[in-house]
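Just so it is clear: chains get the letters A, B, ... in the order the sequence lines come, proteins before strands, and each one is counted from 1.
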Amino acid sequence: EPEVTQTPSHQVTQMGQEVILRCVPISNHLYFYWYRQILGQKVEFLVSFYNNEISEKSEIFDDQFSVERPDGSNFTLKIRSTKLEDSAMYFCASSEGDNEQFFGPGTRLTVL
Amino acid sequence: EDQVTQSPEALRLQEGESSSLNCSYTVSGLRGLFWYRQDPGKGPEFLFTLYSAGEEKEKERLKATLTKKESFLHITAPKPEDSATYLCAVQDSGYSTLTFGKGTMLLVSP
């Protein structure tokens with residue numbers, strides 16, 4: 001069964017460093033998303049991406065964040081200068097249409 | 001602003017003891033309501049989508065129902081492997097984003 005994959009599973013970084021989180025969405029899906037979940041809190045939307053551009057973004061997704069689809073299979077989230085409060089699980093999701101979204105296993109980001 | 005409230009926050013059941021989880025929502029126009037299961041340290045796993053009041057979906061021991069203000073996830077004769085956090089999310093019309101509730105943590109004891 002096709003699934004969303006994410007790498008790395010765990011990323012530890014120093015405050016102020018740049019990180020890139022990687023995702024491979026399900027191959028025939030056209031919509032891509034990033035969500036995050038701070039420990040003990042709800043899953044929060046960051047950004048959606050369709051047709052090679054951002055379609056929606058939340059207030060969390062400020063100038064420190066960017067997304068890219070560098071090739072036909074990968075979808076990345078870059079955080080330019082990490083802060084302590086960026087520590088969270090980051091989930092990539094994809095959908096065939098703008099309906100059911102399928103989530104990856106997540107990347108746990110720890111900012112020290 | 002879309003809002004999703006789930007209750008109870010946590011639920012402990014004995015194996016075979018049926019119960020229901022509640023998801024109350026506020027949206028300007030409902031495009032879809034989604035149920036996910038999340039195991040500790042893992043990503044949400046898709047269970048159901050409901051689109052209109054009166055709709056019901058079933059999968060094994062789970063049954064989801066929808067009214068204009070809330071959704072229920074009924075668990076019939078649960079087993080220990082049903083232990084997980086169950087998340088409810090809504091999608092507002094005109095948007096593709098999901099707004100999640102905090103979830104109900106279910107523990108089923110043998």
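A distance below 6.0 Å separates the ring centres of A:F103 and B:Y36.
When B:T85, B:T97, B:T49, B:D39 are compared by the number of non-hydrogen pairs under 4.5 Å with chain A, B:T97 comes out ahead. When the candidates B:V4, B:L87, B:L98, B:T99 are compared by the number of heavy-atom contacts under 4.5 Å with chain A, B:L98 comes out ahead.
Among all heavy-atom pairs drawn from A:Q101 and B:F46, the shortest one is O-CB, 4.3 Å. A:N99 and B:Y51 make their closest contact through CB-OH, 4.0 Å (heavy atoms, listed as atom of the first residue, atom of the second, distance). Residues A:F91 and B:Q38 approach most closely at CZ-NE2, 3.6 Å, considering heavy atoms.
Residue B:K57 places its NZ atom among more than 12 non-hydrogen atoms of other residues, nucleotides or ligands, all under 6.0 Å distant. By the neighbour-count criterion of 12 heavy atoms within 6.0 Å, atom NZ of B:K79 is sparsely surrounded, having that number or fewer from other residues, nucleotides or ligands. Counting non-hydrogen atoms of other residues, nucleotides and ligands closer than 6.0 Å to CD of B:E81 gives a total above 12. Within a 6.0 Å sphere centred on CD of A:E85, heavy atoms belonging to other residues, nucleotides or ligands number more than 12. In the displayed structure, A:N28 atom CG is contacted under 6.0 Å by more than 12 heavy atoms of other residues, nucleotides or ligands.
Residues A:L21 and A:L84 share a hydrophobic cluster, clusters being chains of Ile/Leu/Val/Met/Phe/Trp/Tyr side chains in contact below 4.5 Å. Hydrophobic clustering, with ILVMFWY side chains joined whenever heavy atoms are under 4.5 angstrom apart, keeps A:V43 apart from B:Y25. The hydrophobic cluster containing A:Y50 also contains A:I26, counting ILVMFWY residues as joined when their side-chain heavy atoms lie under 4.5 angstrom apart, directly or transitively.
Proximity to chain B is limited to the side chain of A:E56, based on heavy atoms less than 4.5 angstrom apart. Heavy atoms closer than 4.5 Å to chain B are found in the side chain of A:Y35, but not in its backbone. Both the backbone and the side chain of B:K102 come within less than 4.5 Å of a heavy atom in chain A. Residue A:Q37 touches chain B through its side chain alone, counting heavy-atom pairs closer than 4.5 Å.
Here the CZ-OG distance, from A:F32 to B:S96, works out to 12.0 Å after rounding to the nearest 0.5 Å.
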